[in-house]
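Computed from a predicted model, the values in this text were never measured in an experiment. Quick note on labels: first sequence line is chain A, next is B, and so on, each numbered from 1.
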Amino acid sequence: MTDFLQLFFSGLSTGSIYALAALGFTLLWQASGTINFAQGEFVMVPAFLMVGLMASGLQLYVAFALSCVLSVILLGWLFKRGLVDPLFKYGMMPIVVATIGLSIAMRNLVRAGYSAEPQPFPQVFPEKIFEIAGVTISAGDVGTFGFAMALVLLVQAFLNKTVTGRAMQAVAQNTESASVLGINVPRMIFYTFAINAVLAAAAALLVTPTYLAKFDMGEGLGTKAFFAAIIGGFNNSRGALLGGLIVGVCENLAAAYISPAYKDAVALVIFMVVILFKPQGLLGKKVERKV
Amino acid sequence: MKKFNIAVALVALAALIVVPGFLKNYGIHLFTTWLVFIIATMGLNLTVGYAGQKSLGHAAFFGIGAYTVAIFLKAGLSFWLALPSAALICFATGLALGFPALRVQTIYLAFATLGFNTAVWLVMRNEEWLTGGTYGINNIARPSLGGISFDGNLAYYHLVLFFTVVLALALWGLLRSPWGKAFTALRDNPIRAESLGIDTRGYTLLSFAIGAAYAGIAGGLYASQVQFIDPALFTVGASIMMYLMVVVGGPGYFLGPVLGAAVGVILPEWLRFAQAWYLFIFGAAVVMLMIWLPDGLLSIPDRIKARRQSREASAARSAAANAAQGVQR
């Protein structure tokens, strides 16, 4: 039982990182119909920004703050203006293909331009271990989970409680009515891209100490984020949280009790079961096809 | 025009038969790989370009085909039994995967196939008793038929060319049949196709499974060509590359895969010295292509034609308007 709980808690910590990436993914989808296949690379790039900034002598937290700003500019503004805006009129697939191209380009730019070797990254949380009722939990897991949860809840609160957040939701639900009501639609969509960029930078901060900064670190992470988003419900931002945690926990349990070699297939299996029985995801609403 | 096209095709075929004879082994190897990828992406073009289903797991079928042939040959069975089996197994797997995945549309299929690719790759890597794990399978034999041995590189190239031509003709026939028309109807407007009485589900499933079978044959030919396979050849990255080959060449154009496979196979070999930079430029080029030419390279002639037609039409309109004004005066 203690083993189970231990695995469960460390799974929650991994899952909360998936949830961060998945949340940004669903937000982009809701606001602009963008499916971002480069989501994993959107985590990798801030990781390298931080590595680069720290190499020039900055403290971790200063580097993190700066890379958040840079992410908003590069992965938010530039991504939207350079790629999504010109392709928006063609529908979903050209954006998907273009983001696939973008992910290849970003990965290999880092590989050829910076380094193909994994770069070490300092621990964010102290390396302490707690023991509660026989269950050992590391401070890193608690910190990761807490930080990620806080961010997710903050985004939720922003979306539900502030005027800007509600305007963003209005844009996501019905772009035309929103613009008729005088909401500045392009700006709201840009905010979504900016939030996605910050969430990716935060995910980078949490994931890099264990995964190390490597040009292909985004590959697995991006796929898990997609699956988490769809499992939870593609059109529901709470779904991303649920999906992320489910994938993280199940993966950890399966690795211990079934087979570590097939850990990466867990998300796929859950995904297949979910789309067989509830294609709209666990928390999603059903959307009718438009003729 | 029709006769002209056939003549061009025959000249191209003659060139493909003769030219590699003048090349060194490496050149023949490149040409063979190109043909193998043409077969694989032809299948993907049917699924993606004609039937409009986004499949990102084509390398999994390619890999299943390759491992089937390798394992059959290692078990002492004939290549001529192994290759059809590879196609059949891929066809059946395509049906089994497509059945749940095609319940939901477009992007879900992309994710399902992507995940399927990961799962297949994990099996290849972990089930050592069957696939040799990360060590792969080596010394895969080349076939012979009725006393003719295809052991030599050039002979094997001609065998692959034969398969490419036969499979291309089969696809051509399929696309011109009512079935093929149903596939395109499905892509252009699924709901209208459904209301016209086309069994949408059945046809999507079929297009997906036939595409998978093409990949299986290509994989089987590839296994015998390179004589050594390991799981690294069949990753999600390889699938994405195949998808991009189709998109770059021009999805829904019959010759799209020929061009796409050249971009995806021959160019990277030439630019091997700068591999990571090449991939960077390739990725960036895909982004540019989507922005300026979302229908692929082969849509350039159509675009030029459309532009000329619209210019001619507007010229005719203004001429007619001038003439009408002249009458009024």
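The distance from the CZ atom of F227(A) to the OG1 atom of T118(B) is 6.5 Å, given to the nearest 0.5 Å. Atom CH2 of W277(B) and atom CG of L109(A) lie 5.5 Å apart (nearest 0.5 Å). For the atom pair I35(A) CD1 and K54(B) NZ, the distance stands at 12.0 Å (nearest 0.5 Å). Atom CZ of residue F271(A) and atom CG of residue L114(B) lie 9.5 Å apart, to the nearest 0.5 angstrom. Rounding to the nearest 0.5 Å gives a distance of 13.5 Å between CZ of F280(B) and CZ of R111(A).
Across V97(A), I95(A), L83(A), the residue that shares the most heavy-atom pairs under 4.5 angstrom with chain B is V97(A). Of all the listed residues (L268(A), T99(A), I104(A)), the one sharing the greatest number of non-hydrogen pairs under 4.5 Å with chain B is L268(A).
For I291(B), the parts lying under 4.5 angstrom from a heavy atom of chain A are both the backbone and the side chain. Using a 4.5 Å cut-off between heavy atoms, L56(B) contacts chain A through its side chain alone, with no backbone atom that close. Heavy atoms closer than 4.5 Å to chain A are found in the backbone of F116(B), but not in its side chain. Residue L122(B) touches chain A through both its backbone and its side chain, counting heavy-atom pairs closer than 4.5 Å.
Using bins of under 30°, 30° to 60° and over 60° for the plane-to-plane angle, the ring pair F37(A)/F111(B) lands in the parallel bin.
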